[in-house]
**Student:** 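Below you will find the structure I want to go over with you.
Each chain gets a letter, A, B and so on, in the order the sequences are listed, and its residues count up from 1. Bear in mind that the values here come from a model prediction, so they are computed numbers and not experimental data.
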Amino acid sequence: DVKVTQSSRYLVKRTGEKVFLECVQDMDHENMFWYRQDPGLGLRLIYFSYDVKMKEKGDIPEGYSVSREKKERFSLILESASTNQTSMYLCASRARYRGRLSTDTQYFGPGTRLTVL
Amino acid sequence: AQSVTQPDIHITVSEGASLELRCNYSYGATPYLFWYVQSPGQGLQLLLKYFSGDTLVQGIKGFEAEFKRSQSSFNLRKPSVHWSDAAEYFCAVGAGVPSFQKLVFGTGTRLLVSP
């Protein structure tokens, strides 16, 4: 089974702190994704990475950065946390596209619920 | 731009009754469509997906979905709901070329199952 783990299930931080959210996958997937989930808004893509050291902005990258130094690990960084970044953060991974018969399934971690006070 | 609409925020169904969750998408090309389920405190789990071919797709846990291009819909169905199906359900469309595909999610439908 694919396993995507996130470093914390719950996290409480103060405004202005630098916050690191870690995600690790064990299936040698090339692609990794960070989403935030808010009630009534569904999941919105923050950043994604197609391979090591590669990153692309998603739909809501403002206030976030990412790091992908190793294939299995994708970190989301809040440089200076703000109260409007209180949310559920979900990480996902996916194998590289290898043609129409390959799987396009994204596998999700359990999420980190971040509260910024 | 691609988008997904799930018009029902909450749905309550009696245990044993049938279920249909609605999903409408907006996408110019042939869509890649997905349904995910999120149980309380859990991440998202894939129920089923449609890429091409047969428009009726079977998934896990007894769910199925039908792709209707003329209606831009991909509704999720289950003939008999179990209490363990209570969860939030998300429809998603794959946007962009397959190699760089991103998922665009709907806002979700929360399913409540009454005894």
Side-chain angles (χ1 to χ4, degrees), chain A residues 1-6 8-10 21 23-25 29-51 54-61 88-113, chain B residues 1-10 21-27 29-54 57 59-60 87-110:
Chain A
D1 274 356
V2 175
K3 192 168 184 183
V4 180
T5 57
Q6 297 184 227
S8 305
R9 294 299 300 273
Y10 299 93
L21 302 183
C23 175
V24 177
Q25 50 94 5
H29 283 170
E30 289 82 4
N31 304 165
M32 296 188 75
F33 305 81
W34 274 108
Y35 296 88
R36 68 176 279 176
Q37 180 181 10
D38 300 287
L41 297 177
L43 278 75
R44 294 176 293 166
L45 182 64
I46 305 172
Y47 266 97
F48 55 104
S49 169
Y50 288 116
D51 212 330
M54 294 175 64
K55 59 185 179 183
E56 295 285 337
K57 292 180 180 179
D59 299 319
I60 52 164
M88 170 71 87
Y89 290 88
L90 292 166
C91 175
S93 74
R94 182 185 69 192
R96 178 174 59 86
Y97 183 75
R98 292 176 173 85
R100 198 151 184 86
L101 296 180
S102 71
T103 178
D104 288 63
T105 302
Q106 289 190 23
Y107 296 88
F108 284 81
T112 296
R113 186 167 293 283
Chain B
Q2 303 83 6
S3 66
V4 175
T5 301
Q6 293 181 248
D8 303 306
I9 298 174
H10 297 100
L21 301 182
R22 296 183 290 166
C23 172
N24 292 97
Y25 68 89
S26 171
Y27 189 62
T30 300
Y32 289 55
L33 294 162
F34 305 79
W35 274 102
Y36 281 85
V37 61
Q38 185 180 34
S39 298
Q42 303 295 318
L44 273 68
Q45 180 184 21
L46 180 71
L47 284 175
L48 47 78
K49 58 187 177 184
Y50 169 80
F51 293 157
S52 65
D54 194 345
V57 180
I60 62 171
E88 190 154 23
Y89 292 80
F90 291 93
C91 181
V93 63
V97 297
S99 299
F100 300 97
Q101 190 182 88
K102 301 182 289 184
L103 290 181
V104 176
F105 285 85
T107 52
T109 297
R110 184 168 298 278

**Student:** Taking atom CG of A/L43 and atom CG of B/L103, what is their separation to the nearest 0.5 Å?
**Tutor:**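 Between atom CG of A/L43 and atom CG of B/L103 there are 9.5 Å.
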
**Student:** Which answer fits A/R9, side chain, backbone, both or neither, if we ask what part of it has an atom under 4.5 Å from a heavy atom of chain B?
**Tutor:**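 Only the side chain of A/R9 comes within 4.5 Å of chain B.
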
**Student:** Has A/L41 got more than 12 heavy atoms of other residues, nucleotides or ligands less than 6.0 Å from its CG?
**Tutor:**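 Enclosed: over 12 neighbouring heavy atoms sit under 6.0 Å from CG of A/L41.
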
**Student:** Heavy-atom distance under 4.5 Å to chain A: side chain of B/Q6, backbone, both or neither?
**Tutor:**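 Contact with chain A is absent: no heavy atom of B/Q6 under 4.5 Å.
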
**Student:** At what distance, to the nearest 0.5 angstrom, does NZ of B/K102 lie from CZ of A/R94?
**Tutor:**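 Reported to 0.5 Å precision, the distance equals 11.0 Å.
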
**Student:** Can you tell me which portion of B/L44 sits under 4.5 Å from chain A's heavy atoms? Options are side chain, backbone, both or neither.
**Tutor:**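 Looking at B/L44, backbone and side chain both touch chain A.
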
**Student:** Need one label for B/Q45: side chain, backbone, both or neither, based on atoms under 4.5 Å from any heavy atom in chain A.
**Tutor:**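 B/Q45 has no heavy atom closer than 4.5 Å to chain A.
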
**Student:** Distance from B/T107 atom OG1 to A/Q37 atom CD, nearest 0.5 Å?
**Tutor:**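 Interatomic distance, B/T107 OG1 to A/Q37 CD, rounded to 0.5 Å: 11.0 Å.
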
**Student:** Kindly compute the distance separating CG (A/L45) from CZ (B/F105), expressed to the nearest 0.5 Å.
**Tutor:**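 A/L45 CG to B/F105 CZ: 9.0 Å, rounded to 0.5 Å.
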
